[in-house]
Amino acid sequence: MDVLAPTKTFPSLVDSNFRLQVPHNSNAIHFTTSSLPKRSSRSKLSSPSTPTLSTHSNGHPSLSSANLSGDAAGNEVLRRLVRNGELDSALRLLESIFLRGTDPPDIIPCTSLIRGLCRSGRTAAARRVLDIIETSGASPDVITYNVMISGYCKSGETDEALNLLHRMSVPPDVVTYNTIFQSLCERGKLDKAFEVLDHMLHRACAPDVFTYTILIEATCKESGVGHAMKLLDEMHAKGCAPDVVTYNVVINGICKEGRLDDAIKFLNNMPSYGCNPNVITHNIILRSMCSTGRWMDAENLLSDMVSKGCNPSVVTFNILINFLCRKGLIGRAMDILEKMPEHGCTPNSLSYNPLLHSLCKDKKIDRAIEYLDIMVSRGCYPDIVTYNTLLTALCKDGKVDVAVELLSQLSSRGCRPVLISYNAVIDGLSKVGKTDEALGLFKEMEGKGLKADTITYSSLVAGLSREGRVEEAMNMVLELQGLHIRPTAIIYNSVILGLCKARETDRAIDFYAYMVSRGCMPTESTYMILIEGLVHEGFGDEAVDLLGELYSRGVVKKTSMQNVVARM
DNA sequence: ATAGGGTTAG
């Protein structure tokens with residue numbers, strides 16, 4: 001015990017000065033900390049670019065014929081520009097002619113212009129068009145407003161949408177409100193949606209099936225089916241009949257609450273409500289049956305729907321294929337896929353991907369590639385998930401170079417690599433000791449505007465640690481703070497492992513303390529790595545004490561403990 | 001306005 005230099009951090013460890021550090025659960029044990037390298041605090045947040053108006057009004061050829069100051073000829077040019085998709089020229093024309101002209105612009109091309117600008121995310125420019133219409137003395141109609149409001153909603157500017165709703169120069173219609181409901185509900189702002197509903201009723205605008213369906217769906221998610229049912233009653237009372245979609249939304253809610261049998265009853269009662277279930281109704285129930293392992297029920301439901309004349313869709317089959325693949329029943333999944341055309345369905349990439357994934361998981365990459373060829377020969381092109389599956393399989397099969405090659409070809413194959421594609425290959429490279437090459441890909445990825453996540457860093461940090469480049473690994477972990485990425489236990493563990501392997505168990509313990517101070521819960525591996533480290537440096541007794549303590553706390557499993565002892 | 005969303009890290 002006295003071999004331990006007093007300056008080191010070990011003593012407090014072996015003196016069993018154990019103290020719970022993390023309040024909630026706590027398997028964290030307290031080691032004395034010593035200071036860690038100062039972490040750099042970089043904040044490189046680029047501010048999102050705001051749409052700006054192009055204000056330059058220097059002569060555009062197509063404007064020359066329209067120097068008559070906002071008259072019929074001007075509108076003709078405006079229509080042509082909008083029709084040809086020359087949005088910026090149309091905008092300039094509006095600014096230069098109609099803003100001060102005597103005749104107002106035609107609101108129909110203006111509405112198209114607003115729609116076009118919104119589609120490319122330029123809501124500020126679109127709003128400018130609306131403002132020009134208003135100041136030029138023309139009055140936008142409800143459609144113009146609806147297009148603008150929908151543009152705001154799609155770009156997430158719900159507050160702007162609401163402001164515009166309140167200052168429209170014509171009464172909003174049910175479409176205006178439904179657009180806003182949809183957007184508020186998607187963002188979980190259900191309270192606000194109900195406020196708007198009050199507003200709608202005050203203005204004597206009657207809600208329709210869409211209105212209620214949107215609200216019922218959101219209510220199922222936020223407050224449960226029980227509350228949603230009240231809305232369904234209210235809907236009935238107001239003389240608005242629910243349709244299949246309304247019922248499907250409710251059935252989906254019931255399934256999500258784990259009440260599959262109630263959902264089935266609802267399905268069976270639907271005809272008595274005057275509404276027949278459709279494929280989607282069945283698919284919702286089918287999915288729920290599969291995910292709860294009720295395979296026989298699923299098979300029966302499938303034959304039920306066929307006998308009722310409700311034809312299965314691609315989704316129906318994909319649900320079944322997915323389920324079978326998860327259960328490892330690849331053969332049956334393939335049979336189903338092959339039978340799809342008999343039911344008038346063409347398999348898509350979502351049909352093939354689970355099969356490819358299962359084959360890869362079973363290390364049958366050659367068969368997966370054969371199947372890929374079949375898929376392509378049938379006109380179904382691989383998507384990014386297909387490629388990601390292959391990239392992962394290649395890496396796991398020791399063909400990292402092939403994976404690198406494939407990754408570089410993705411764009412020319414019509415598939416843009418995504419974060420997961422890079423993560424798969426970066427991980428593959430890191431695992432075979434080619435961390436520098438992995439770092440190169442990481443740079444390339446960032447150059448393409450893809451932001452690395454915790455998994456990317458997890459692979460890189462582990463790669464660096466394995467190569468003995470622990471300093472770099474540690475610095476990378478410290479840098480994550482400025483990037484709003486919380487390192488996981490996996491990341492900390494790999495650094496701790498790297499330090500232990502380098503016979504720097506004291507620093508490993510410091511890093512452990514740092515991990516705990518950052519609020520990251522250690523795992524069983526964390527402790528096992530540290531214990532192995534202690535053993536390697538000749539502190540077997542201390543390791544055993546610690547192990548006993550951890551075992552008595554239930555942090556370490558008995559088998560893990562026996563394994564360590566057996567190796568000593 | 002409803003169903004499939006699969007693929008990556010110790």
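Ser351(A) comes within 4.0 angstrom of no nucleic acid atom, judged by non-hydrogen atoms across all strands. No engagement by Arg466(A) is indicated, since no non-hydrogen atom pair under 4.0 Å with the nucleic acid exists. Across all strands shown, Thr386(A) has no heavy atoms under 4.0 Å from either base or sugar-phosphate atoms. The residue Leu350(A) sits close to a base: some heavy atom pair falls under 4.0 Å. Using a 4.0 Å heavy-atom cutoff across all strands shown, Asn322(A) reaches sugar-phosphate atoms only and no base atom. Residue Lys256(A) is classed as having no contact, given no heavy-atom separation below 4.0 Å to the nucleic acid. Counting any heavy atom pair closer than 4.0 Å across all strands shown, Thr213(A) reaches a base atom. Within the nucleic acid shown, Asn353(A) comes within 4.0 Å of at least one base atom, counting heavy atoms only.
Distances were taken from every side-chain heavy atom of Asp243(A) (C-beta onward) to each of dG4(B), dA1(B), dT2(B); the shortest belongs to dA1(B). Distance from the side chain of Asn248(A) is smallest to dT2(B) among dG4(B), dA9(B), dT2(B). Comparing dG6(B), dA9(B), dG4(B) against the side chain of Ser459(A) picks out dA9(B) as the nearest. Out of dA3(B), dG10(B), dT7(B), the shortest distance to the side chain of Ile280(A) is found at dA3(B). Checking dG10(B), dT8(B), dG4(B) against every side-chain atom of Ile455(A), the shortest atom distance belongs to dT8(B). Nearest nucleotide to the side chain of Asn283(A), out of dT2(B), dA3(B), dA1(B): dA3(B).
For dA3(B), the OP1/OP2 oxygens have no side-chain nitrogen or oxygen of Arg287(A) closer than 4.0 Å.
Per the geometry, NZ belonging to Lys396(A) stands 12 Å off C1' belonging to dG10(B), to the nearest Å. Summarising the geometry, the separation between CD1 on Ile216(A) and P on dA1(B) is reported as 16 Å, rounded to the nearest angstrom. When rounded to the nearest whole Å, the span between NZ of Lys431(A) and P of dT8(B) equals 11 Å. Atom CG of Asp427(A) and atom P of dA9(B) are 6 Å apart (whole Å). Atom CG of Leu460(A) is separated from atom C1' of dT8(B) by 13 Å (rounded to the nearest Å). Note: CG (Leu356(A)) to P (dT8(B)) measures 13 Å, nearest angstrom. Distance Ile319(A) CD1 to dT2(B) C1': 13 Å, rounded to the nearest Å. What separates CD1 of Ile426(A) from C1' of dT7(B) is a distance of 15 Å, to the nearest Å.
The only option from Thr454(A), Val477(A), Thr456(A) that meets the side chain to side chain contact (heavy atoms under 4.5 Å, CB included) definition with Ile485(A) turns out to be Thr454(A).
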Inset, instruction - Show the numbers, then the answer: is there a side chain to side chain contact (heavy atoms under 4.5 Å, CB included) between Leu232(A) and Met235(A)? - result: CA-CA 5 Å; Leu232(A) 194 64; Met235(A) 181 177 180; 4.2 Å; yes
Inset, instruction - Begin from the C-alpha positions of Ser351(A) and Asn318(A) and carry the test side chain to side chain donor-acceptor pair (under 3.5 Å) through to its verdict. - result: CA-CA 5 Å; Ser351(A) 321; Asn318(A) 289 354; 2.6 Å; yes
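Residues passing the side-chain contact (heavy atoms from CB on, under 4.5 Å) test with Lys339(A) are Glu342(A), sequence neighbours excluded.
Listed here is the closest heavy atom pair of Ile384(A) and Arg416(A): CD1-O, 3.4 Å.
Residue pairs meeting the ring pair (Phe, Tyr, Trp, His ring centres under 6.0 Å) criterion with at least one partner in residues 392-437 of chain A, sequence neighbours excluded, do not occur; the list is empty.
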